[in-house]
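We count ligands from 1, going down the list as the structure has it; atoms in each ligand are counted the same way. FYI, side chains are in, hydrogens and waters are out, and symmetry mates aren't considered; it's all heavy atoms of this structure.
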Amino acid sequence: MRRKVIAGNWKMNKNPEEAKTYLKEIIPMVKDAKSEVVLCVPYIDLKCMVKHASGSNVKIGAQNMHWEEAGAYTGEVSGSMLKSIGVEYVIIGHSERRQYFAETDETVNKKVKAAFTNELKPIVCVGESLEQREEGKTKEVITRQTRLALEGLTDEQVENTIIAYEPIWAIGTGKTATSEDANNSIKEIRDEICKIYGQMTAERVIIQYGGSVKPTNAKELFTTSDIDGALVGGASLKPEDFAGIVNY
Ligand code: PGA
């Protein structure tokens, strides 16, 4: 049985003071969670979050990283820097980074490899736009993004990659994919992994759904055959909403 991973993605929200207050509230609310609980927060909050989450079951992740270890890359943060302060997870290739910050399948792949070099667990985002969906290209887009993100990884690394299937039209819009639709797309991603890495590996990969997940739709999504948790944006900003999803 795959475990579920429920990860919050705060995006560009909350300063360290606000982050600390949030953690104090959320920790007791999710202490009995059966799923892995992760909060992916702005760089500036990471150190304080790692410190204050220590001893709890809340794990901390970043929202991006550079693939190089160090060097003349103004404004960037490397995987080894994240590792050095106790960060465990990192989101890679979120659609907002692909859309606004020129992230490509190639940079996603380099970052995934660099994450493993630094013993960070990557949460790799894939997903189709509304236009691609309407043109019937969903399967083609998500299987290609998955294949390219995982290129050159060992079977063991693939097993330890978390994929977040996030249809772009469902992000921050209040429109959730139906649980059946989301589950089908996730099965297509798993089938693609199976074709390349074999069934045993494919069965072990955690594949989340993301896009307007709320306490009210979490249970329906999480009781399908293939959805292994969620990447939660807006609803992760309030402790009671995020806890409602974690304790679905
Ligand atoms: P949302 O965002 O839950 O606000 O739709 C999800 C995400 O972007 O990861």
Side-chain angles (χ1 to χ4, degrees), residues 4-14 18-19 22 26 30 35-43 45-46 49 58-65 87-103 108 111-112 115 121-130 132-133 138 141-142 145-146 149 161-179 181-183 185-186 189 206-222 224 227-248:
K4 287 194 173 25
V5 177
I6 302 180
N9 172 14
W10 283 2
K11 310 192 179 185
M12 196 170 70
N13 291 288
K14 297 191 192 296
E18 292 163 336
Y22 178 105
I26 196 84
V30 299
S35 318
E36 177 107 330
V37 183
V38 184
L39 285 169
C40 297
V41 303
Y43 288 135
D45 298 330
L46 286 170
M49 293 283 282
V58 177
K59 313 281 186 211
I60 305 301
Q63 300 172 2
N64 181 34
M65 60 176 272
V87 169
E88 292 183 58
Y89 287 82
V90 58
I91 297 175
I92 293 176
H94 189 279
S95 62
E96 285 150 17
R97 296 217 55 90
R98 293 180 192 252
Q99 197 178 345
Y100 308 134
F101 302 100
E103 191 86 81
V108 167
K111 290 179 181 190
V112 173
K121 292 175 202 152
I123 302 177
V124 179
C125 303
V126 301
E128 81 287 0
S129 66
L130 184 59
Q132 290 165 330
R133 186 178 190 83
T138 299
V141 170
I142 62 180
Q145 287 177 337
T146 303
T161 303
I162 296 173
I163 310 239
Y165 166 60
E166 300 204 303
I168 297 170
W169 49 270
I171 295 178
T173 57
K175 287 185 202 149
T176 325
T178 64
S179 55
D181 254 4
N183 196 50
S185 291
I186 286 177
I189 293 170
I206 291 168
I207 311 182
Q208 303 170 315
Y209 167 76
S212 300
V213 177
K214 304 178 273 267
T216 47
N217 59 23
K219 186 167 182 179
E220 195 194 329
L221 289 161
F222 297 163
T224 54
I227 302 179
D228 307 321
L231 185 57
V232 186
S236 73
L237 292 172
K238 284 196 189 141
E240 56 277 22
D241 289 348
F242 190 54
I245 295 169
V246 169
N247 300 320
Y248 67 95

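- Below 3.5 Å of separation, one finds no N or O of G211 facing any N or O of ligand 1.
- Near N9, meaning under 4.0 Å from one of its heavy atoms, ligand 1 places the atoms 9 (O).
- Taking only nitrogen or oxygen atoms, main chain and side chain alike, T173 does not reach within less than 3.5 Å of ligand 1.
- Which parts of ligand 1 touch G172 is read off a 4.0 Å heavy-atom cut-off, strictly below it: atoms 1 (P), 4 (O), 5 (O).
- Of the protein's non-hydrogen atoms, G233 N, 2.8 Å is the one closest to atom 3 (O) of ligand 1.
- A donor-acceptor pair under 3.5 Å is formed between the side chain of N13 and the backbone N or O of W10.
- Atom CD of E88 has more than 12 heavy atoms from other residues, nucleotides or ligands within 6.0 Å.
- The nearest non-hydrogen atom to atom 9 (O) of ligand 1, considering only Q63, Q208, K11, E166, comes from E166.
- Both the backbone and the side chain of I171 come within 4.0 Å of ligand 1, counting heavy atoms alone.
- Every heavy atom of G210 sits 4.0 Å or more from the atoms of ligand 1.
- Between F222 and Y248, the ring-plane angle classifies as perpendicular under the 30° and 60° cut-offs.
- Under the 4.0 angstrom criterion for non-hydrogen atoms, A235 is not in contact with ligand 1.
- For ligand 1, the atoms sitting less than 4.0 Å from at least one non-hydrogen atom of H94 are 7 (C), 8 (O), 9 (O), numbered in the order shown with element in parentheses.
- Considering NZ of K14 and CE of M49, their distance stands at 9.0 Å, rounded to 0.5 Å.
- Under the 4.0 angstrom criterion for non-hydrogen atoms, S236 is not in contact with ligand 1.
- At least one donor-acceptor pair under 3.5 Å links the side chain of Q132 to the backbone N or O of S129.
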(request) I would like to know whether F101 and N64 meet side-chain contact (heavy atoms from CB on, under 4.5 Å); could you show each step before the answer? (result) CA-CA 11 Å; F101 302 100; N64 181 34; over 6 Å; no
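- Side-chain atoms of Y209 come within 3.5 Å of backbone N or O of G211 as a donor-acceptor pair.
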(message) Walk me through whether W169 and E128 qualify under side-chain contact (heavy atoms from CB on, under 4.5 Å).
(response) CA-CA 8 Å; W169 49 270; E128 81 287 0; 3.0 Å; yes
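- Geometrically, ligand 1 and G234 share a nitrogen or oxygen pair separated by less than 3.5 Å.
- The A170 neighbourhood of ligand 1 comprises atoms 5 (O), with distances under 4.0 Å to a heavy atom of that residue.
- Put simply, CG on L221 and CG on D228 are 12.0 Å apart, with the number rounded to the nearest 0.5 Å.
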